[in-house]
Amino acid sequence: MAVGWIVVLVIAIVTVTLAVIMLIARFTLRAVRRTAETAIAENFAPGEAVRSDPVANYFGRASKGGRQVRGNGALVLTETRLWFRRAGSDEPLQIPLASITSVDLVSSHAGTTIGRPLISVSFDDDSAAWYVRDPRQWRDDILVRCPTATDR
């Protein structure tokens with residue numbers, strides 16, 4: 001009988017712990033979204049963004065390898081640039097569309113994978129990748145604006 005209570009207690013503790021973790025993750029992601037939406041509104045005129053994702057998951061730049069901070073933030077495509085600012089960072093990554101040489105869907109970037117397609121953008125002998133909703137549409141929207149870029 002004591003073993004049964006221990007099993008029930010362990011299951012209850014695990015369940016409560018997982019519920020708390022999920023709530024923290026949900027509130028954190030909401031805060032990131034609000035911050036990113038504010039950054040987009042502050043940096044872009046209404047209608048300037050062709051496409052945006054306030055919670056794009058940044059996988060970093062290939063040139064920096066594993067020694068970089070990854071995370072969620074605002075990704076914006078305009079007619080002239082691809083712009084990203086990670087939550088907690090003041091410096092955005094700005095990629096002029098004219099410097100983009102290829103746009104691909106990849107399964108991993110800089111040694112990291114999540115089992116879903118990532119949008120990878122090559123530019124100036126480097127590349128950066130993000131997990132976004134509808135990566136195929138992101139690729140197509142970037143390629144339309146970068147006539148010299150290729151997709152593999």
- Query: Do any N or O atoms from the side chain of Ser99 and from the backbone of Pro96 form a donor-acceptor pair under 3.5 angstrom?
  - Reply: yes
d(Cys146 SG, Leu77 CG) to nearest 0.5 Å is 8.0 Å
CD1 of Ile100 to CG of Leu82, rounded to nearest 0.5 Å, is 5.5 Å
Smallest heavy-atom separation, Pro92 atom then Trp83 atom, equals CB-NE1, 3.3 Å
When you measure from the side chain of Asp53 to the backbone N and O of Leu75, does any donor-acceptor pair fall under 3.5 Å?
no
- Item | Short side-chain donor-acceptor distance under 3.5 Å, Asp104 and Ser120 | no
Distance col, row Ile95:CD1 vs Asp124:CG, nearest 0.5 angstrom, shows 8.5 Å
- Item | Any side-chain heavy-atom pair of Arg136 and Pro117 under 4.5 Å | yes
Margin query: Please confirm whether the ring centroid of Tyr131 lies under 6.0 Å from the ring centroid of Phe59.
Written below: no
Among the clusters formed by ILVMFWY side chains lying less than 4.5 Å apart, do Val106 and Trp138 turn up in the same one? no
message: For a 4.5 angstrom cut-off between non-hydrogen side-chain atoms, does His109 reach Ser127?
response: yes
d(Thr78 OG1, Glu48 CD) to nearest 0.5 Å is 5.5 Å
Identify whether Leu143 and Val132 are in the same connected component of the hydrophobic contact network (ILVMFWY, side-chain heavy atoms under 4.5 Å). yes
ask   = Is the closest side-chain donor-acceptor distance between Ser108 and Thr113 under 3.5 Å?
value = no
Quick check on the hydrophobic clustering: are Ile40 and Leu93 connected, directly or via other members, by side-chain heavy-atom contacts under 4.5 Å? no
- Item | Test log, rule side chain to side chain contact (heavy atoms under 4.5 Å, CB included), inputs Leu97 and Thr80 | CA-CA 5 Å; Leu97 296 185; Thr80 59; 5.5 Å; no
For the side chain of Ser89 and the backbone of Arg85, is there at least one donor-acceptor N/O pair under 3.5 Å apart? no
Q.
Given 3.5 Å as the limit, does a donor-acceptor pair link the side chain of Arg145 with the main chain of Asp141, or not?
A. yes
When clusters are formed by joining ILVMFWY residues with side-chain heavy atoms under 4.5 Å apart, either directly or through shared neighbours, do Phe123 and Leu118 land in the same one? no
Short N-O contact, Arg51 and Asp134, less than 4.0 angstrom:
yes
Parallel, tilted or perpendicular: which describes the rings of Trp130 and Tyr58, with under 30° parallel and over 60° perpendicular? tilted
Exercise. Same hydrophobic cluster for Ile119 and Val76, using side-chain heavy-atom links shorter than 4.5 Å among ILVMFWY?
Worked result: no
Value for CZ (Arg70) from NZ (Lys64), rounded to nearest 0.5 Å, stands at 11.0 Å
Notebook entry, point to check: Any side-chain heavy atom of Arg86 within less than 4.5 Å of one from Asn72?
Noted result: no
